[in-house]
2 protein chains.
Amino acid sequence: MTPQTRKKPERRTSPLSRERIVDAAIGLLDTAGESGLTFRSLSERLATGPGAIYWHVAGKSELLAAATDRVVTIALTEGTAGPPGGIHDVALGLFDAIEEHPWLAPQLTTQLSHNPTGPVTTRIFEATGRQVSALDAPASSWFTATSALMHYILGAAGQNAANLALARDLGPEADRSAYMDTVAGAWKQLSPEDYPFTRAVADQGLEHDDRVQFLAGIDLIVAGVTARPPAAQQLREGRARAAEAEPPASGRTSPR
Amino acid sequence: MTPQTRKKPERRTSPLSRERIVDAAIGLLDTAGESGLTFRSLSERLATGPGAIYWHVAGKSELLAAATDRVVTIALTEGTAGPPGGIHDVALGLFDAIEEHPWLAPQLTTQLSHNPTGPVTTRIFEATGRQVSALDAPASSWFTATSALMHYILGAAGQNAANLALARDLGPEADRSAYMDTVAGAWKQLSPEDYPFTRAVADQGLEHDDRVQFLAGIDLIVAGVTARPPAAQQLREGRARAAEAEPPASGRTSPR
DNA sequence: ACCTGAACACCGTTCAAGT
DNA sequence: ACCTGAACACCGTTCAAGT
């Protein structure tokens, strides 16, 4: 089981290293899912004991963070490599990475929450924000715009990955568009009094192309960024807000 | 909800019920956090054995789903109660609920992923979408707009709750604005070559009022919704796409 | 019908002991 | 320095047995 190539009296290359451990962890996560990664399964794959891993890695959460950072870094450098750049590239880079590694979405929200100044969060923020700063928008809106885009990208990409997994559960034949039909079908069963909006949306059909749907959201937010700075950033503790904010919006569909 | 008007006065009301269990679970989550809820701690609180709970609830995931549904339903009915309605009310209703119950944010993304047609997801989608449909925007954009708003609300509110928890760790004195200063400080330590954008944002100072910041994001997305349908959805890599009947919308907003 | 609580099959993590 | 693997303190869940 153990390699015997020991020509040099010098120290042999260690069979265990942080990098190899992270590699194996990613492989396990990809093939067996989040619950498939345990220190026992990992040590078995690496042909060691569970305790050995702790010499290279502090614990499970650090291991997960390292795996997340690795995958995100690759996705971001690939995505931003091309000359055109643009928000679509960054967004699709993350979108594809999350689709390829479904465990990534929950891990990313964990990183955002538990370690907002950590490398993962900062990398994504920087990559997204750089594209925002290239838009025609005042610098005062950068933070808000980047934040909105980041949350949308992570949320929508995670949703897409989850949908794909559920589509697979539907049967080996089913793809995403079949699954979207299932969702629309479920929505049409809802009560008209309680869920008029959801039913209306189901009636008009859901976009079957996941990338088109995803990028439509990106473009919508970009439109908001370039449209106009959200007129008022006036400070007001608590509630008293000036009434200027919401245009009356010619009440064509009033929520009842 | 539950009948407690049992006729026999000497007969005590049933010591265990699904409702009581969910109540206790929420209490435990609020006070002890996500890791504080175990079947053992829960059964101790309810003065029973761990196995007793399984007669009323299928398992832990169902219990979590029920707790999430309960809190979300309350937040949404309170939020939409007022006559003005509007997106701000729905958004702030969820924002406050997540701030009050920090375990809610991860649970909501779990619900979205694992049960997209379940009651929690559908309730939030409907409440948000109803406000979207009241805006001055074409129905064809409703799904995209609702999806973008939902992901932003959940992501940003979760981030805020996480920030509050981290601020508390900073010391009992620290509030959110002190924590934002800490974040900005950390950002300024970043290398100028690798993180120019993040540093620039840190320099211009972060909004200290969490609600103002949150609503700025909402307004930005709303601006995108009402501005105009996103002009160009140009796809890379030839992809056959049915031409939507979308008017070109006098291109004033072009992402460069 | 509802509840008990011991038992089972796991976990992450530790640590004396080995090389 | 690096690794072993038994042991510890938990988990969620089950189930024969009680009322």
Side-chain angles (χ1 to χ4, degrees), chain A residues 1-6 8-26 28-29 31-68 103 106-107 110 114-115, chain B residues 2-4 6-8 10-26 28-29 31-68 103 106-107 110 114-115:
Chain A
M1 248 357 202
T2 17
Q4 233 46 333
T5 44
R6 180 155 119 82
K8 289 192 165 186
E10 204 198 6
R11 292 212 170 279
R12 60 193 160 114
T13 58
S14 129
L16 221 49
S17 70
R18 194 184 158 89
E19 198 192 354
R20 272 174 44 99
I21 292 173
V22 172
D23 277 344
I26 293 174
L28 225 31
L29 287 165
T31 58
E34 296 186 55
S35 64
L37 177 67
T38 71
F39 274 76
R40 280 167 180 82
S41 68
L42 189 58
S43 64
E44 190 187 353
R45 191 175 184 130
L46 292 166
T48 42
I53 299 170
Y54 281 86
W55 200 91
H56 297 90
V57 157
K60 190 168 190 182
S61 65
E62 194 197 285
L63 178 57
L64 251 4
T68 303
W103 50 271
Q107 283 309 312
T110 300
H114 294 11
N115 199 7
Chain B
T2 332
Q4 51 245 68
R6 238 28 195 123
K7 307 180 173 181
K8 306 180 182 178
E10 56 184 13
R11 238 335 184 224
R12 54 185 176 152
T13 56
S14 153
L16 222 46
S17 69
R18 192 184 158 91
E19 196 191 356
R20 272 176 44 99
I21 291 173
V22 172
D23 278 344
I26 292 174
L28 224 31
L29 287 165
T31 58
E34 296 185 55
S35 63
L37 176 66
T38 69
F39 275 77
R40 280 166 180 83
S41 67
L42 189 58
S43 64
E44 189 186 355
R45 191 176 183 129
L46 293 165
T48 42
I53 299 169
Y54 281 85
W55 200 89
H56 296 91
V57 156
K60 190 169 189 181
S61 65
E62 194 197 285
L63 178 58
L64 251 4
T68 303
W103 50 271
Q107 283 309 313
T110 300
H114 294 11
N115 199 7

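By convention in this document, chain letters (A, B, ...) are assigned in the order of the sequence lines, proteins followed by strands, and residues within each chain are numbered from 1.
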Given atom [atom1] of [X] and atom [atom2] of [N], what is their separation to the nearest angstrom?
{"X": "A:Leu16", "N": "D:dA1", "atom1": "CG", "atom2": "C1'", "result": "13 Å"}
{"X": "A:Glu44", "N": "D:dG5", "atom1": "CD", "atom2": "P", "result": "13 Å"}
{"X": "A:Ile53", "N": "D:dA1", "atom1": "CD1", "atom2": "C1'", "result": "18 Å"}
{"X": "B:Glu62", "N": "D:dG12", "atom1": "CD", "atom2": "P", "result": "15 Å"}
{"X": "A:Leu46", "N": "D:dT4", "atom1": "CG", "atom2": "P", "result": "10 Å"}
{"X": "B:Leu42", "N": "D:dG12", "atom1": "CG", "atom2": "C1'", "result": "12 Å"}
{"X": "A:Arg20", "N": "D:dC2", "atom1": "CZ", "atom2": "C1'", "result": "14 Å"}
{"X": "B:Arg18", "N": "C:dC2", "atom1": "CZ", "atom2": "C1'", "result": "16 Å"}

Please give me the minimum heavy-atom distance between [X] and [Y], naming the atom from each residue.
{"X": "A:Ser17", "Y": "A:His56", "value": "CA-CD2, 3.9 Å"}
{"X": "A:Glu34", "Y": "A:Pro106", "value": "OE2-CG, 3.3 Å"}
{"X": "B:Ala24", "Y": "B:Leu46", "value": "CB-CD2, 3.9 Å"}
{"X": "A:Ala67", "Y": "A:Val22", "value": "CA-CG1, 3.9 Å"}
{"X": "A:Leu16", "Y": "A:Ala52", "value": "CD2-CB, 3.8 Å"}

For residues 41-53 of chain A, pull every pair meeting side chain to side chain donor-acceptor pair (under 3.5 Å), keeping only residues two or more places apart or in separate chains.
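Residue pairs passing side chain to side chain donor-acceptor pair (under 3.5 Å), neighbours aside: A:Thr38-A:Ser41.
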With P as the reference atom in both, quote the distance from C:dA17 to D:dC2 in angstrom, rounded to an integer.
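About 22 Å, rounded to a whole number of Å.
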Nearest to the side chain of B:Thr48, heavy atoms from C-beta on, is which of D:dC2, C:dA1, C:dT4?
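From the listed options, C:dT4 comes nearest.
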Which atom pairs link the protein and nucleotides 13-19 of chain D when you take only N or O atoms and keep those under 3.5 Å?
from, atom 1, to, atom 2, distance (Å)
D:dT13, OP2, B:Tyr54, OH, 2.9
D:dT13, OP2, B:Lys60, N, 2.9
D:dT13, O5', B:Tyr54, OH, 3.0

Which sits closer to the 5' end of DNA chain C, A:Leu37 or B:Ala47, going by the nucleotide each is nearest to?
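Nearest nucleotide further toward 5': that of B:Ala47.
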Reported CD1-to-CH2 distance for the pair B:Ile26 and B:Trp103, which is rounded to 0.5 angstrom
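B:Ile26 CD1 to B:Trp103 CH2: 5.0 Å, rounded to 0.5 Å.
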Ignoring hydrogens and angles, write down the donor-acceptor pairs under 3.5 Å from the side chains of residues 58-66 of chain A, residues two or more places apart or on other chains.
from, atom 1, to, atom 2, distance (Å)
A:Lys60, NZ, A:Leu37, O, 2.8
A:Glu62, OE2, A:Arg18, NH1, 2.5
A:Glu62, OE2, A:Arg18, NH2, 3.4

Counterpart residues, side chain to side chain donor-acceptor pair (under 3.5 Å), relative to B:Asp23 (two or more places apart):
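Counting only residues at least two positions away or on another chain, B:Asp23 forms a side chain to side chain donor-acceptor pair (under 3.5 Å) with B:Arg70.
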Just to confirm, is there a sub-4.0 Å distance from OP1 or OP2 of C:dC3 to any side-chain nitrogen or oxygen of B:His56?
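Yes, such a contact exists.
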Whenever both distances are under 3.5 Å in a Watson-Crick or G-U wobble pair, mark it; put DNA chain D into dot-bracket that way, with [ ] for crossing pairs and | when the partner is on another strand.
||.|||||...|||||.||
